[in-house]
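Read the numbers this way: they start at 1 and go in the same order the structure lists the ligands and their atoms. FYI, side chains are in, hydrogens and waters are out, and symmetry mates aren't considered; it's all heavy atoms of this structure.
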Amino acid sequence: MTETSESKTGARIERLPLARFTTLGVGGEAEVWFVSDHQQLAEAMAQPYRILGGGSNLVIDDGGVPERVIRLSGPLAGRNLTPDAELSDGDLIVTGWVGGGVPLPGLIRALQKLGYSNLEGTVGIPAQVGGAVWMNAGTRYGEMFGGLHTLEIATPDGLKVVTPDDLRWGYRDSGIPRNHIVTRVRLKLQRSTPEEVLAKMTLADTARKGQPKMKTPGCAFKNPGGMGAGRLIDEAGLKGAQVGGALIAPEHANFIVNLGGATAADVHALLDLIRARVGVPLELEYELWPDDMQRQGMPVSAGAQWSAELK
Ligand code: FAD
Ligand code: EPU
């Protein structure tokens, strides 16, 4: 039986296996805080924490993580797509607030129906808005920062509202420090038609046809300097390599899939094999929990160390 309790400010707290929140389907238990407003978020951030989005870029150890894991819910997972009358102008649409906890696929479908363009290139990314913004997720048809007007970010020093120009963002990188939480964003969109947006979505979708359909956290490595990591891993002859329940996908070598019963250790072993066999240094795209923090020498708790400037 899972134990449920409530924090002082009303956040629901439950000890849960994180596997159920990840697209890889791997990960042990942690204390999950479901926070639905800024007050609850501030309380949750007062102790060591991690922020969990759609779990589509995570490999979480089978022992889980010791920190509390924050999940945005309620109004922080709600969306207001009505054009803001003051900020919108002609075909330029600036929406109301869209919560960091909003699932990206549903948002992209809704924008298509409204005929609002700019974010359709991100179709097929199974993230939440906050996680997709934090990583600047995208494809060659478009990325999250192509459709952002304003970002609200919870930092250890309180809430900050910034624009993309305030951040050093780039390929798979928002420039937002780790564990600063993207709570809400306003989208900057271009008025188009549902048909045109759908046509662009179809292009982006077609580019994914060769990707595996099994449980996976997406691409393992970023593409190094214009080269395809998938092609490099493929050329190293690693497609089909298997450790335990984890497999380098025969469809696309930059995807590791869970055949059923994979453990985080199985995935780590495949990542090590790839690093050892590919002649080019590869930067991991996944987050490894809990190792990522130690690997990057970052403190795991909130506190003064995190008052890094956003730019
Ligand atoms: P999570 O996996 O939950 O977390 C990832 C990181 O984001 C963690 O550090 C977490 O702490 C942080 N984070 C989560 N929420 C927030 C928040 N609100 N504020 C601040 N930080 C937060 N990626 C692409 O870029 N392009 C693709 O085409 C693509 N295709 C994919 C296809 C599949 C089938 C899968 C499984 C993944 C794919 N990905 C792709 C990878 C993944 O979807 C992205 O990396 C995405 O940005 C992860 O978002 P998330 O919400 O799932 O974050
Ligand atoms: N290729 C191979 N062997 C493979 C895989 C790919 O030779 O095993 C070749 C393909 O034939 C193609 C080239 O490599 O010529 C590029 O492959 P692909 O078109 O699949 O694109 P990618 O660069 O591997 C990127 C993103 C994906 C995104 C797609 C579609 C990265 C790391 N990956 O893949 O993003 O969905 O483009 O736009 O940038 C992710 O980041 O998690 C992700 C899935």
Item to check | ligand 1 to S56 polar contact by distance, N or O atoms, under 3.5 Å | outcome: yes
Checklist outcome for this item: Note: heavy atom closest to atom 47 (O) of ligand 1, options G131, A207, A204, belongs to G131
Checklist entry - Will you find, in the side chains of Q190 and S117, an N or O donor that is under 3.5 Å from an N or O acceptor? => result no
Checklist entry - For G54, is at least one N or O under 3.5 Å away from an N or O on ligand 1? => result yes
Checklist outcome for this item: Honestly, for R172 the part within reach of ligand 1 (heavy atoms, under 4.0 Å) is side chain
Checklist entry - Which value, rounded to the nearest 0.5 Å, describes the distance between F34 atom CZ and R71 atom CZ? => result 7.0 Å
Item to check | Atoms of ligand 1 close to W289 [distance to a heavy atom under 4.0 angstrom, numbered from 1] | outcome: 11 (O)
Checklist entry - Rounded to the nearest 0.5 Å, what separation is found between the CD atom of Q128 and the CG atom of L76? => result 10.5 Å
Item to check | Proximal atoms of ligand 1 relative to M135 (non-hydrogen, under 4.0 Å) | outcome: 45 (O), 47 (O)
Checklist entry - So if you build clusters from Ile, Leu, Val, Met, Phe, Trp, Tyr with side-chain heavy-atom gaps below 4.5 Å, do W169 and I125 land together? => result yes
Item to check | Backbone of M144 reached by a side-chain donor or acceptor of N136 within 3.5 Å | outcome: yes
Checklist entry - Would you say the side chain of M45 lies within less than 4.5 Å of the side chain of V35, judging by non-hydrogen atoms? => result no
Next on the checklist: I need the R12 CZ to S7 OG distance, nearest 0.5 Å.
Outcome noted: 11.5 Å
Next on the checklist: To the nearest 0.5 Å, what is the distance between CG on L270 and CD1 on I248?
Outcome noted: 5.0 Å
Item to check | Quiz item: cation-pi between R79 and W97, 6.0 Å / 45° | outcome: no
Checklist entry - Among side-chain atoms of D165 and T163, is any donor-acceptor pair under 3.5 angstrom? => result no
Checklist entry - Is there a heavy atom in M144 that sits closer than 4.0 Å to ligand 1? => result no
Item to check | T263 versus D266, side-chain donor and acceptor atoms under 3.5 Å | outcome: yes
Checklist entry - Does R208 approach ligand 1 within less than 4.0 angstrom via side chain, backbone, both or neither, non-hydrogen atoms only? => result side chain
Checklist entry - Out of V133, L151, T23, I51, who gets a non-hydrogen atom closest to atom 16 (C) of ligand 1? => result I51
Checklist entry - At a 4.0 Å threshold, what atoms of ligand 1 neighbour a non-hydrogen atom of I181? => result 19 (N), 20 (C)
Checklist entry - For atom 14 (C) of ligand 1, which candidate among G124, P126, G53 holds the nearest heavy atom? => result G53
Next on the checklist: With salt bridge (Lys or Arg N to Asp or Glu O under 4.0 Å) as the criterion, how do E287 and R178 come out once you've worked through the C-alpha distance, each side chain's angles and the decisive distance to 0.1 Å?
Outcome noted: CA-CA 11 Å; E287 298 274 325; R178 178 179 293 273; 2.9 Å; yes
Next on the checklist: Closer than 4.0 Å to some heavy atom of G138 - which atoms of ligand 1 meet that?
Outcome noted: 24 (C), 25 (O), 26 (N), 27 (C), 28 (O)
Checklist entry - Is E287 near ligand 1, meaning one of its heavy atoms is under 4.0 Å from it? => result yes
Item to check | Atom indices of ligand 1, in the order listed, that fall short of 4.0 Å to a heavy atom of T139 | outcome: 28 (O)
Checklist entry - At a non-hydrogen distance cut-off of under 4.0 Å, which region of Q128 contacts ligand 1 (side chain, backbone, both, or neither)? => result both
Item to check | For A132, atoms of ligand 1 separated by under 4.0 Å from a heavy atom | outcome: 47 (O), 49 (O)
Checklist entry - Which option out of G218, A127, P212 puts a heavy atom nearest to atom 49 (O) of ligand 1? => result A127
Next on the checklist: Rounded to the nearest 0.5 Å, what separates atom OG1 in T95 from atom OH in Y116?
Outcome noted: 9.0 Å
Checklist outcome for this item: Here the gap from R208 atom CZ to H252 atom NE2, rounded to the nearest 0.5 Å, amounts to 10.0 Å
Checklist entry - Which atoms of ligand 1 are found less than 4.0 Å from any heavy atom of N57? => result 2 (O), 45 (O), 48 (C)
Checklist entry - Side chain, backbone, both or neither: which part of P217 comes within less than 4.0 Å of ligand 1 when only heavy atoms are counted? => result backbone
Checklist entry - Between K8 and E43, is there a side-chain N and carboxylate O pair less than 4.0 Å apart? => result no
Item to check | Check: G55 N/O within less than 3.5 Å of ligand 1 N/O | outcome: yes
Checklist entry - Going by the order shown, which atoms of ligand 1 are within less than 4.0 Å of some heavy atom of A137? => result 24 (C), 25 (O), 47 (O)
Next on the checklist: Check this for me: does any side-chain nitrogen of one of R231 and D234 sit under 4.0 Å from a carboxylate oxygen of the other?
Outcome noted: no
Next on the checklist: Can you list every protein residue that has a heavy atom under 4.0 Å from any atom of ligand 2, sorted by chain and residue number?
Outcome noted: T139, R140, Y171, R172, R208, Q211, G218, C219, F221, N223, G230, R231, D234, K239, H252, A253, N254, F255, E285
